[in-house]
Amino acid sequence: MSTCSLCLTQISHHAAFCHRCSDSLRNTTPRCHSCGIELATSNTHCGECLSHPPEFDRTLVAARYAPPIDQLIHQFKYNGDLSKGRILAEWLNSTLPQSKPDLLIPMPLSPARLQERGFNQSAELARLLSQRCQIPVSYDLLKRHNSETQQIHLKRKERLSAMRKVFYTDQQIKVRSVGLIDDVVTTTATARAAAGVLKKAGVKEVIIWAVARTPRPNDKD
């Protein structure tokens, strides 16, 4: 027996949430196949991705960035509650398709941010997913310069410009497909920049794996 991480009821199966909570979290709203943003229609792609195709090939998200998932992410990311990270990784893993990439790479933090926070939440998610999916993970292929630009206050175009030279790698990557692990996708500026570096390093397919995607009303796209 285990306990649902949301409603605390006892459950007989090994999972992060009970069936009722799992059903409430599964968002059936159509999403853009490229960036994962919620769509108002049954189209396969949003207007932004049609007019400005991203460097990554697909975005797979487990939930909308809203209660209670956003609270779990906050406790994990800012309070260092690693038990919440295990819950989020378990939930993300349960929503992923059967086909898997060759390698997992976490979204890196700048050295200064890593020192400040003490750990990289995306690296922790990647470690847990690697164990569950039996996919190797690399923590040092993709690196981030020590840029301290505060992205949250920037508009979308400003974010894209600021992120262009943030990421780098010092070697060729000899795998076909990569799962780029992140906790939350907001404007996709970070994902676009990181995926661009991976593609230039030899990766043919980059799939964003994220716990949550911000809903359209709060998105800065």
Side-chain angles (χ1 to χ4, degrees), residues 34-36 48-49 52-61 65 73-74 76-80 82 85 88-89 101-130 135-214 219-221:
S34 290
C35 73
E48 176 63 27
C49 287
H52 299 93
E55 288 79 356
F56 51 82
D57 298 275
R58 186 79 189 270
T59 300
L60 301 174
V61 295
Y65 188 68
I73 291 174
H74 190 278
F76 168 49
K77 187 173 181 177
Y78 298 109
N79 297 344
L82 298 184
L88 294 170
D102 302 315
L103 180 70
L104 301 181
I105 294 180
M107 191 72 74
L109 293 177
S110 69
R113 183 58 55 84
L114 181 60
Q115 183 176 15
E116 173 190 330
R117 190 170 295 167
F119 78 109
N120 179 352
Q121 73 279 355
S122 297
E124 179 66 10
L125 289 172
R127 182 184 69 81
L128 295 167
L129 286 169
S130 176
I135 303 174
V137 57
S138 175
Y139 301 100
D140 58 3
L141 277 178
L142 184 66
K143 301 180 177 68
R144 182 167 182 160
H145 291 293
N146 206 5
S147 172
E148 295 304 314
T149 302
Q150 294 297 314
Q151 299 293 317
I152 192 171
H153 300 299
L154 300 180
K155 294 181 180 179
R156 183 187 176 281
K157 288 185 178 180
E158 293 172 330
R159 283 193 180 208
L160 289 172
S161 178
M163 295 302 296
R164 281 175 185 165
K165 297 182 179 180
V166 166
F167 298 101
Y168 69 99
T169 183
D170 51 15
Q171 56 188 294
Q172 287 295 108
I173 303 176
K174 299 179 180 180
V175 297
R176 181 187 178 278
S177 60
V178 161
L180 187 58
I181 311 301
D182 208 355
D183 56 337
V184 181
V185 177
T186 51
T187 67
T188 75
T190 303
R192 285 172 182 259
V197 170
L198 294 176
K199 287 288 184 76
K200 288 181 179 179
V203 178
K204 302 300 181 184
E205 181 183 50
V206 177
I207 304 171
I208 309 300
W209 283 9
V211 175
R213 174 71 154 103
T214 54
D219 200 39
K220 298 181 184 299
D221 275 340

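Below, each value reflects all heavy atoms present in this structure, side chains not excepted, and no hydrogens, waters or symmetry copies. In what follows, residues are counted from 1 in the order of the sequence shown.
- From L141, atom CG reaches atom CD1 of I105 across 5.0 Å, with rounding to the nearest 0.5 Å.
- You'll find the side chain of W209 reaches within 4.5 Å of the side chain of L129, heavy atoms only.
- Residues N120 and M107 fail the side-chain proximity criterion, which asks for heavy atoms closer than 4.5 Å.
- Nearest approach of A195 to L180, heavy atoms of both residues: N-CD2, 4.4 Å.
- One finds the NE2 atom of H145 at 10.0 Å from the CZ atom of F167 (value rounded to the nearest 0.5 Å).
- Closest heavy-atom contact between Y139 and A123: CE2-O, 3.7 Å.
- In terms of heavy-atom proximity, I73 sits nearest to A212 at CD1-CB, 4.0 Å.
- For the atom pair CG of L88 and CG of L128, the computed distance is 10.0 Å after rounding to the nearest 0.5 Å.
- The shortest distance between side-chain heavy atoms of L109 and E116 does not fall below 4.5 Å.
- A pairwise comparison of heavy atoms in A126 and L104 identifies O-CD1, 3.9 Å as the closest pair.
- The closest donor-acceptor contact from the side chain of D102 to the backbone of R176 lies under 3.5 Å.
- Note on ring orientation: taking the six-membered ring where Trp is involved, the planes of F76 and F119 are tilted (angle from 30° to 60°).
- For the pair P106 and V137, the tightest heavy-atom approach, listed with the atom from each and the gap, is CD-CG2, 4.1 Å.
- Remark: Q171 CD is packed, more than 12 non-hydrogen atoms of other residues, nucleotides or ligands lying under 6.0 Å away.
- A donor-acceptor pair under 3.5 Å is formed between the side chain of S110 and the backbone N or O of R113.
- In this structure, F56 and R192 have side chains that are in contact, with non-hydrogen atoms separated by less than 4.5 Å.
- Expressed to the nearest 0.5 Å, how far CG of L125 lies from CD1 of I181 amounts to 7.5 Å.
- With hydrogens and angles disregarded, a donor-acceptor distance shorter than 3.5 Å links the side chain of N146 to the backbone of A112.
- In this structure, CG on L82 lies 11.0 Å from CD on Q121, to the nearest 0.5 angstrom.
- The two atoms that bring P101 and S177 nearest to each other are CA-OG, 3.2 Å, heavy atoms only.
- Rounding to the nearest 0.5 angstrom, the gap separating the NZ atom in K200 from the OG1 atom in T169 is 12.5 Å.
- The closest donor-acceptor contact from the side chain of D183 to the backbone of V211 lies at 3.5 Å or more, if one exists at all.
- Distance alone, capped at 3.5 Å, places no donor-acceptor pair between the T59 side chain and the I208 backbone.
- At distances below 3.5 Å, at least one donor-acceptor pair connects side-chain atoms of R213 with backbone N or O atoms of T186.
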| field | Test log, rule salt bridge (charged side-chain N to carboxylate O under 4.0 Å, His left out), inputs D57 and K199 | value | CA-CA 10 Å; D57 298 275; K199 287 288 184 76; 3.2 Å; yes
| task | Begin from the C-alpha positions of E55 and L198 and carry the test side-chain contact (heavy atoms from CB on, under 4.5 Å) through to its verdict. | result | CA-CA 9 Å; E55 288 79 356; L198 294 176; over 6 Å; no
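- Using a 4.5 Å heavy-atom cutoff, the side chains of L103 and S138 are in contact.
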